[in-house]
Amino acid sequence: MQFSVCLVWLVTAVVAVRTQSTQGILDLVKRRLPDHVDIFEFRLTGNETFPISTAIRDINDEYTISSTPEGKILVEGNSAIALASGLHRYLADTVHVDIFWFIGSRLDTEPSNLPPLDQPISGSSIVPWRYHFNTVTFSYTSAFWTWEDWELELDWLALRGVNLPLAWVGQEKILVEAFRELGFNDAEINTYLSGPAFQAWNRFGNIQGSWGGDLPMEWIDDQFELQKNITKRMVDLGMTPVLPCFTGFIPMAITRVLPNATVVNGSAWNGFSTQYTNVTFLEPVDPAFEKLQISFISKQAEALGNITHFYTLDQYNENDPFSNSTDYLSGVSNNTMKSLKVADPDAIWLMQGWLFYSSSTFWTGPNVEAYLGGVSDNSDMLVLDLYSESQPQWNNARVKSYYGKPWIWCQLHDYGGNMGLYGQILNVTINPIEALANASSGSLVGFGLTMEGQEGNEIMYDLLLDQAWSESPIDTEAYFYNWVTRRYSGNGPIPSDLYTAWDMMRTTVYNNTNVTTQAVSKSVFELSPNITAILGRTGHHATAVTYDPSTLTDAWHLMYSATTSNPSLWDNPAFQYDMVDVTRQVFSNNFNVVYSSLISAYKYPSGSTNSTIATLSQNLTSLLSTLDSVLLTNPSFSLSTWINAARSQTDNTTLQSFYEYNARNQITLWGPNGEINDYASKSWGGLVSGYYIPRWEIFGQYLTEVPFVNYNATVLSKRLLDFEEGWQNGTSVQKVGVQENLKSILGDIM
Ligand SMILES: *[C@@H]1O[C@H](CO)[C@@H](O)[C@H](O)[C@H]1NC(C)=O
Ligand SMILES: *[C@@H]1O[C@H](CO)[C@@H](O)[C@H](O)[C@H]1NC(C)=O
Ligand SMILES: *[C@@H]1O[C@H](CO)[C@@H](O)[C@H](O)[C@H]1NC(C)=O
Ligand SMILES: *[C@@H]1O[C@H](CO)[C@@H](O)[C@H](O)[C@H]1NC(C)=O
Ligand SMILES: *[C@@H]1O[C@H](CO)[C@@H](O)[C@H](O)[C@H]1NC(C)=O
Ligand SMILES: *[C@@H]1O[C@H](CO)[C@@H](O)[C@H](O)[C@H]1NC(C)=O
Ligand SMILES: *[C@@H]1O[C@H](CO)[C@@H](O)[C@H](O)[C@H]1NC(C)=O
Ligand SMILES: *[C@@H]1O[C@H](CO)[C@@H](O)[C@H](O)[C@H]1NC(C)=O
Ligand SMILES: *[C@@H]1O[C@H](CO)[C@@H](O)[C@H](O)[C@H]1NC(C)=O
Ligand SMILES: *[C@@H]1O[C@H](CO)[C@@H](O)[C@H](O)[C@H]1NC(C)=O
Ligand SMILES: *[C@@H]1O[C@H](CO)[C@@H](O)[C@H](O)[C@H]1NC(C)=O
Ligand SMILES: *[C@@H]1O[C@H](CO)[C@@H](O)[C@H](O)[C@H]1NC(C)=O
């Protein structure tokens with residue numbers, strides 16, 4: 001008795017809660033506005049303690065910014081993230097500067113004297129949580145990020161008020177230690193882990209093992225070091241990180257280590273051979289599950305500190321449960337939650353709700369209710385309604401607001417890091433506000449961003465994060481105007497043509513309402529060539545263009561003509577980026593027209609000769625070749641950036657080749673044999689010329705050789721696959737900047 005009282009006292013002492021500090025935001029100012037450190041004053045007014053131990057946080061973040069008589073800009077807020085949000089409001093709306101993906105921080109383009117405020121500005125969030133990241137963003141976007149890349153991302157998140165980010169880097173370090181402790185040897189663990197560009201899917205049991213090489217310990221160690229920096233910075237900035245934990249997926253050699261362990265083999269994912277899928281799942285009812293959970297969470301806390309109670313845990317992502325019995329399903333979640341609670345008494349289980357959409361046949365009402373109901377205390381769980389702008393699940397009859405579990409309204413927007421210009425300004429502003437007002441929505445506690453890849457269309461992401469601070473749907477016209485003002489700051493006056501161009505895009509490109517295309521469209525030229533089924537595709541990765549392409553072409557011309565009145569726009573990195581991006585989309589749209597004329601000449605050859613076919617196919621490749629040179633003017637649109645990032649992770653040349661293979665494979669064949677071919681395709685300079693153009697040449701050559709009546713898909717597919725497979729192991733990539741600059745290339749095109 002005496003002993004246990006003593007233990008309780010000890011535990012309480014160790015996890016003694018702490019309040020936040022202003023140091024993190026001061027450090028952010030030092031990083032990004034080094035000349036203005038003294039002008040800002042930050043004051044915390046809240047007394048909330050950390051780490052937060054409930055999903056139903058009942059506090060909204062609030063800030064006030066004002067000028068003091070001493071000439072300082074005073075930011076007051078009830079949390080560190082409220083201070084960051086307040087600072088951002090002032091910088092974005094009053095100073096008109098911001099920090100952007102790809103472009104970096106433009107905060108230091110501010111005038112030397114920061115403007116004082118006549119009136120204080122106040123803001124209050126309308127939801128306590130703002131979440132960021134899809135589990136797969138960690139593979140599609142940040143697989144090869146450096147600490148510098150992460151620093152930019154985390155400052156971006158802080159300024160935009162995100163307080164609940166997923167921190168999913170480097171967990172294999174902990175996993176390997178826990179597996180070794182249970183009795184696995186390294187060979188058994190090696191056959192389980194997936195390559196650097198495919199870890200996300202390994203972590204939730206879609207795939208196991210690696211093709212082209214094994215994941216080295218060096219990678220695992222380095223990634224974990226990176227995770228230490230990331231989580232520390234998140235905490236400093238006032239965020240609550242969501243950390244990994246043990247999910248149940250385990251090397252198949254568990255049957256050697258624990259012959260009596262209760263395991264099932266479920267996954268059969270996307271056509272992968274059983275060697276790479278069919279992942280072994282340790283049933284949560286098995287005592288080893290809890291043992292591994294304790295081991296994982298305590299090792300992680302030892303290394304990273306007791307920084308959070310939120311754990312991400314997905315067991316059935318595109319991978320159905322072994323049984324559809326409701327007792328089984330509630331038993332799985334009950335034992336899973338139990339294991340978390342034993343490891344951390346305040347644990348909160350964060351789950352992506354994607355399964356209820358992607359596997360809606362399995363997840364009948366009773367099955368959803370049983371799985372969620374296995375956890376008795378609602379506030380122990382938090383569900384991400386992953387694709388709320390297009391396929392909300394919370395409001396359907398099966399999912400019923402997650403049967404009382406709190407949830408977050410998320411914009412998914414992007415599959416696989418696809419790059420089309422796209423947005424749904426109506427659904428992203430109106431729907432979350434309606435959901436919040438809807439009594440049947442249950443506990444809606446946050447808004448979030450869950451893009452598979454962070455790839456352009458940044459304004460759509462800003463829009464939802466800002467909507468989290470506005471009780472009524474944002475007026476997008478004024479919003480776009482303000483956004484353009486801060487986007488292009490630093491190079492003199494912004495020509496009205498630029499505002500007009502963006503407003504044209506707002507009402508077309510960014511106003512999709514066609515429910516057959518619900519996420520970013522990819523370019524047809526990125527798909528393996530075919531005479532059918534690639535144009536106007538709808539569904540999971542669509543190619544349909546949802547607006548009149550001529551409107552975008554007009555906007556593109558306006559952006560170009562804006563440089564006549566302000567030539568220094570060519571020196572503005574945001575303008576350069578956007579000009580390449582819009583040019584990319586205009587070319588992509590034009591490609592569809594040229595492609596269509598080739599296919600009709602081929603299929604309906606009234607008077608078409610082989611030389612007509614040859615000419616038309618030549619038009620296709622020369623269009624792509626021009627596009628390639630435009631893309632190569634900008635590192636953010638260049639294959640070499642992605643590949644160099646992969647290779648720079650190590651000094652070991654064998655490993656460099658393996659990482660490069662991973663980087664190439666993810667964006668092309670996606671799997672050893674093209675299992676998810678072209679899913680994560682990219683319009684990148686060097687990839688267009690080195691991969692897509694050769695494929696279209698093979699295609700064009702075939703069409704000139706073989707008349708339509710003899711078209712043989714098998715023969716052509718084989719030729720294409722031979723090329724695609726050969727490219728995987730290549731090492732030569734066109735470098736950025738080998739071409740002329742953007743201005744002169746566009747001057748020739750316009
Ligand atoms: C924090 O402040 C609020 C409002 O001032 C007060 O109601 C609450 O009791 C305080 N909480 C703590 C833990 O001090
Ligand atoms: C972590 O941050 C420090 C600087 O604070 C840096 O020197 C180090 O390289 C970073 N670690 C990794 C793995 O990037
Ligand atoms: C496994 O189960 C069998 C049959 O119930 C039993 O005989 C054996 O002792 C168990 N082995 C272990 C290691 O628990
Ligand atoms: C899946 O893996 C299990 C365990 O390793 C094995 O027994 C089973 O045969 C595999 N299934 C298939 C279809 O190969
Ligand atoms: C974290 O908290 C646990 C108790 O919940 C304690 O045993 C452990 O020492 C703490 N770790 C650190 C690094 O503070
Ligand atoms: C559950 O699975 C069994 C066996 O596969 C099947 O017969 C039954 O129809 C399923 N029930 C439901 C409700 O899906
Ligand atoms: C597991 O289920 C039991 C029985 O319904 C319940 O009392 C217990 O609270 C559940 N455990 C968790 C962690 O939710
Ligand atoms: C917009 O939201 C509504 C309501 O959720 C939905 O029915 C519609 O499909 C969404 N539009 C698109 C383009 O996804
Ligand atoms: C967006 O499209 C819808 C449907 O076509 C239309 O009603 C609405 O006015 C448009 N909104 C904007 C801002 O363009
Ligand atoms: C929606 O898109 C599909 C596919 O591009 C197209 O067939 C259909 O006509 C569009 N619907 C409307 C109302 O524009
Ligand atoms: C076109 O090429 C095919 C295959 O080389 C050949 O059979 C056919 O005669 C050619 N037609 C013309 C009009 O040259
Ligand atoms: C083209 O698409 C069709 C229909 O999906 C498919 O049967 C064929 O194999 C594909 N490939 C080629 C090279 O035609």
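Note that this is a predicted model, so its numbers are computed, not measured. All ligand and atom numbering here is 1-based and tracks the order in the structure.
- Counting only N and O atoms by type, the side chains of His88 and Asp98 include a donor and acceptor under 3.5 Å apart.
- Applying the 4.0 Å criterion to heavy atoms of Arg506 picks out, from ligand 9, the atoms 13 (C).
- Closest to atom 5 (O) of ligand 8 among all protein heavy atoms lies Pro392 CG, 3.5 Å.
- Looking only at heavy atoms of the protein, atom 1 (C) of ligand 8 is closest to Asn427 ND2, 1.4 Å.
- For ligand 9, the atoms lying closer than 4.0 Å to a non-hydrogen atom of Thr507 are 14 (O).
- The shortest N or O to N or O distance between Asp377 and ligand 7 is not below 3.5 Å.
- With sequence neighbours excluded, no residue forms a salt bridge (charged side-chain N to carboxylate O under 4.0 Å, His left out) with Glu477.
- Ranking the protein heavy atoms by distance from atom 13 (C) of ligand 8 puts Gln424 OE1, 3.3 Å first.
- Regarding atom 14 (O) of ligand 8, its nearest protein heavy-atom neighbour is Ser390 OG, 3.0 Å.
- In the vicinity of Asn512, heavy-atom distances shorter than 4.0 Å reach the ligand 8 atoms 13 (C).
- Checking Tyr131 against Thr450 by side-chain atom types alone, no donor-acceptor pair falls below 3.5 Å.
- A donor-acceptor pair shorter than 3.5 Å cannot be found between the side chains of Glu455 and Trp101.
- Atom 4 (C) of ligand 9 has its closest protein heavy atom at Thr513 OG1, 3.7 Å.
- Residue-ligand proximity: Leu426 is placed with every non-hydrogen atom at 4.0 Å or more from ligand 8.
- For the residue pair Tyr402/Asn378, the side-chain donor-acceptor check at 3.5 Å is not satisfied.
- The protein atom (non-hydrogen) at minimum distance from atom 8 (C) of ligand 7 is Ser376 OG, 3.2 Å.
- If you check the side chains of Ser550 and Asp548, you find a donor sitting under 3.5 Å from an acceptor.
- For atom 9 (O) of ligand 8, the nearest protein heavy atom (residue, atom name, distance) is Val515 CG1, 3.1 Å.
- At under 3.5 Å, a nitrogen or oxygen of Asn334, whether backbone or side chain, sits near a nitrogen or oxygen of ligand 7.
- The side-chain contact (heavy atoms from CB on, under 4.5 Å) test with Gln585 is passed by exactly one of Val582, Asn589, Asp581, Thr583: Asn589.
- Applying the side-chain contact (heavy atoms from CB on, under 4.5 Å) test to Pro287 and every residue at least two apart in sequence or in another chain returns nothing.
- Residue contact check for ligand 8: Glu389 places a non-hydrogen atom closer than 4.0 Å to it.
- Set against the non-hydrogen atoms of Met337, the atoms of ligand 7 under 4.0 Å away are 13 (C).
- Counting heavy atoms of neighbouring residues, nucleotides and ligands inside a 6.0 Å radius, atom OH of Tyr499 exceeds 12 of them.
- Nearest to atom 2 (O) of ligand 9 among the protein's heavy atoms is Asn511 ND2, 2.4 Å.
- Distances from ligand 7 to the non-hydrogen atoms of Ser330 include no value under 4.0 Å.
- No cation-pi contact links Arg398 to Phe356, judged by a cut-off of 6.0 Å to the six-membered ring centre and 45° from its axis.
- Each of the following atoms of ligand 7 lies closer than 4.0 Å to a heavy atom of Val375: 14 (O).
- Just one of Tyr488, Trp502, Tyr461 meets the ring-ring contact (aromatic ring centres under 6.0 Å, His included) condition when paired with Trp483; it is Trp502.
- Judged by the 6.0 Å distance and 45° axis criteria, Arg57 is positioned over the aromatic ring of Trp129.
- By the 3.5 Å distance cut-off applied to N or O atoms, Asn431 is counted among the residues near ligand 8.
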